[in-house]
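Quick notes on the structure that follows.
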Amino acid sequence: MKKKKQNEPKRNVSFSQFGSYNLLFEYFITHGLEQNYVRPPEITKRTMELGNRNSPDFVCSPFKFTLGCFLEAIEAGADTIVQVGGVVACRLKYYGSMQKKIIEDLGYDIRFVNLAEASREDPRSFLALFRKINPDFSLVKILRTGITVVAMLEALDRVQLTVSKNAGFELRDGDFDREFRRFCGRLLKSPNDPISVYRIYRETKKNMRAIPTDVPEHPLRIAVIGEYYTVMDDYSSHNIEKKMAKYGMRVERWMNVSHTLLHYSAPKRRKIIRDYVQYDMGVTTTSNVGFALECAKKGFDGIIQLKSFGCTPEIDAMPVLRSISSDYDIPILFFSFDCQNADTGIETRLEAFYDMIRLKKEAQLKSGAPERAAAAI
Amino acid sequence: MTVGIPRAGMYYRCGVLWENFLRSLGEDYVVSGETNKAILEKGSALMADESCLSSKIYMGHVDSLLDRCDCLFVPWLSNFGADGINCTRFRAYHAMISNIYRERAPKLLTYAIDYSGTQDMKHAGDEETAFMSMAKALGRSKKEIRDAYRAAKQISEEDFARRVAQAEAVADGEGTKILIVGHDYSIYDAYIGRPIIKAFQNFGMKLIDANLVDRRQAQRDFRKLSDGTLPWTVSRELLGGVVRYRDRVDGIVLLTGFPCGPDSLVNEVIKREVDDKPILYLLQDGQDGLAGVETRIESFTDILTYHGNGER
C-alpha cells in the first residue's frame, strides 16, 4: 500500500474561492483524501477578467468568477480541479461540464472532477469521484474527516451569523473580523474530530461575546437574501455585509451552506408561504421567499436581495417579494451584480436605502407604534 | 367557463395537446393573439428588466387574456424525470402571475408535471396523473378527463411525428439548408423568430427546426456533444437535433432571446463542438427594426452559397 503511494505523486487539488468555505474543502482534501491542496489566489480584478474573457457572454457571474479562480489555481500549480454541481436545478448544474470544456480548449491538461456527475441518491457515485482524486483513498479516513467537516460547517456558519449580526455595533473597528479570521485559521489546524471543532467553536463564541459592542435599543434589522453564490461570497457581493455593518445594521441571513444542505425542509417553507406561492418555485426561490416572509412578520426594517445579473430563480422571486413588501410595509432593495460594477453605485443605493429605513423607523418610534417583535440576538 | 391560453412559452410545445384536450371536453377556450409590439411592451413593464425576452412576451400574453377569459391556463412544468428538467421559470409562472395580479386575482387552471417526484407536491406526477388533478376544477369525472387526455395526447403525438417527418424530408431534399436551433417559443413567435425565418426564405434558404427530432433518439444523441449533466430537456433535444441534422445542412443558426439561461451555456457547447459548419448567432432582445439582422442574414446566406459552390 505504502509503496504504491510513493509511485503515484500526490495530486494538487483546487477549488474556487467561495466565501470562507474553502477551508472546509482544504481540510477534506488534505485529511480525508490525503492530497495536496492549492489555495486559489484571492479574487482580484484579474481573476474576474480572466473568467470573463473565457466565459460565454451572458452566463451568470458565478460562472465567470469560478472559472477565473480555476485558471489562476492552475497557474499556481493545481492539476486537479473540483467543481460542485449539487442538487439545484439551475445553470450551476452545468457549470462543471462547460468549464471543463473551456479549460481543455485552452490547452491545459488537468483532471476535472465534476460533482454534478454524482447523485445524492447513490452514495457510490461520490466514491467514483473520490477515486479520480486519489485512487487508493481510505474510506475510514474519508468518513472520519467527513464528520469533522460537517461539524466545521455548522460551526463556521454559526460564527458567520454572529459576525453578520453584531459587526455593525463593534466599538473597535474590525474586532469581529479579526476574531473570525483567527477562528478560520484554528479550524484548519484542528485535530480531526468533531469534539475539537466544538471546543474551538465554543472558545470563539466566548471571545466574540467579550468583544465590546454598543447595541442601540432599536437597531435596524435587515434580512439579506439572494442567490447562492453571490450572497455568500464577499467579493461577488462587493462586501455588502461589511458596508451594511458600517451603517450599524443588524444583518440576518438564512442562506448558507449548512442551512440549505442540512436544515432545509421544502414542505415546511412552502407551508409558510402558501398565501403567496401555491406551487414550488424551485432552487433557492422558495427558501428565500420563506425567509423574507418570516422576517417581515417579525417586524424587520428592510430586506436586501443580492443576485448575479440574469439569475432566473431570483428574478422569479421578485414579484412575490414585492407582494410581501406591500403587505408588511417593509422596504426591499434589489441588487443585481455583474462583473463590472464599481463600488460607488452600490454605496449610493445602500446609503439611500439606509436613510429611508432609518427615517421610517424614527417616525415609527416617535409615534409610539409598537414594534412587531423585540429585537432578539 | 372560458379558458385562456397564452400563445407563448410551452404553448408551442404542448398547444396541440391543450387545445384538443379542452375541445374534446367541450370547454370554451381562447388562445391569445400573435405577439406584437404592444404585447411585448406590456410584458416588459410587468417583468423585471433583466428577465428573458420570452418571459416578457409570456407575461404580455397573459395580460392580453385577462379581460377575455374566466381562468388562465398556467401549468406548472417542473421536470421529466430522467429526461431532464425544465427551465426553472416554468415552475415560477404560477406564483409570478398570482403575485403580479394580486388585486385582480385571476383564476388559474393548473396541472403539475413532476416525474421525479422530488418536489413532493400534491397532485404532481406524470402527465396523465397531472391532467387528472384538473377534474375538480373543470367539474368533470376522472373518466372524462382521462379519455379526453388520451385522445388529445394521441393527436398531439401524431401531429409531432408528422412535423418531424416533414423536417426529415426537407433535410433529405435539395437546396441550401439551414438548421435553426432555438426554443420553439422563439422560433415560431411572430415578433422574434418568424421575421427571421421569412428573411431566410426570401433568400431561398430551406429551414429545419432542430426541435423536430425523435425525442427518445435525441435523449441518446445529445451525449455526443455534451456529457449527461446537461439538465434541460429542451436543450438536450436541441443538441440531439444538431447531431441528427448537422451533416445534411449547410449552416446553423442559433436563435436566442436575451438573456436565456440555458442557451447561454448550450450555444457555447454548439459553437465549440460543431466546427465544420458556418454558424450564425442571432441574439434577440426585443428591439425594433430588422435591418441590422437582415444584413447579417444576407451575408450569412452569401457565405453558404459560396461554400456550396465550392468557393472559399
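By convention in this document, chain letters (A, B, ...) are assigned in the order of the sequence lines, proteins followed by strands, and residues within each chain are numbered from 1. Computed from a predicted structure; not experimentally measured.
- For the atom pair Asp227(B) CG and Lys100(A) NZ, the distance stands at 7.0 Å (nearest 0.5 Å).
- Residues of residues 277-286 of chain B having a heavy atom under 4.5 Å from any heavy atom of chain A, listed by number: Tyr281(B), Leu283(B).
- Taking Leu108(B), Thr229(B), Asn267(B) one by one and counting their heavy-atom pairs under 4.5 Å with chain A, the maximum is reached by Thr229(B).
- Counting only heavy atoms from C-beta outward, the side chains of Arg91(B) and Asp316(A) never approach each other to under 4.5 Å.
- Both the backbone and the side chain of Ile102(A) come within contact range of chain B, each with at least one heavy atom under 4.5 Å from a heavy atom of that chain.
- Between the OG1 atom of Thr285(A) and the CZ atom of Arg89(B) there is a distance of 9.5 Å, given to the nearest 0.5 Å.
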Which atom pairs, one a donor and one an acceptor, fall under 3.5 Å between side chains of residues 44-54 of chain B and the rest of the protein, sequence neighbours left out?
residue	atom	partner	partner atom	Å
Ser44(B)	OG	Leu40(B)	O	2.7
Glu50(B)	OE1	Gly310(A)	N	2.8
Glu50(B)	OE1	Ser336(A)	OG	3.0
Glu50(B)	OE2	Ser336(A)	OG	3.0
Ser51(B)	OG	Ala48(B)	N	3.4
Ser51(B)	OG	Ala48(B)	O	2.8

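- At a cut-off of 3.5 Å, with distance as the only test, no side-chain donor of Ser235(B) or Tyr94(A) sits close to an acceptor on the other residue.
- There is no contact between Ser55(B) and chain A, counting heavy-atom distances below 4.5 Å.
- Under the salt bridge (charged side-chain N to carboxylate O under 4.0 Å, His left out) criterion, Arg272(B) pairs with Asp105(A), Glu268(B), not counting sequence neighbours.
- Of the listed residues (Val277(A), Thr312(A), Ile324(A)), the one with the most heavy-atom contacts under 4.5 Å to chain B is Thr312(A).
- Residue Phe334(A): no heavy atom, backbone or side chain, is found under 4.5 Å from chain B.
- Listed for the Trp232(B) side chain is no donor-acceptor partner under 3.5 Å among the backbone atoms of Arg91(A).
- Counting heavy-atom pairs closer than 4.5 Å to chain A, the top-ranked of the candidates Asn86(B), Leu230(B), Thr110(B) is Leu230(B).
- Closest of all the heavy-atom pairs between Ser226(B) and Lys101(A) is CA-NZ, 4.2 Å.
- Around atom NZ of Lys136(B), no more than 12 heavy atoms belonging to other residues, nucleotides or ligands sit under 6.0 Å away.
- To the nearest 0.5 Å, the span separating CG on Asp114(B) from CG on Asp280(A) amounts to 9.0 Å.
- The stretch residues 53-60 of chain A places Asn54(A), Pro56(A), Phe58(A), Val59(A) near chain B, each with some heavy atom under 4.5 Å from a heavy atom of that chain.
- Under the 3.5 Å distance criterion, the side-chain polar atoms of Asn99(B) are matched with a main-chain donor or acceptor of Tyr276(A).
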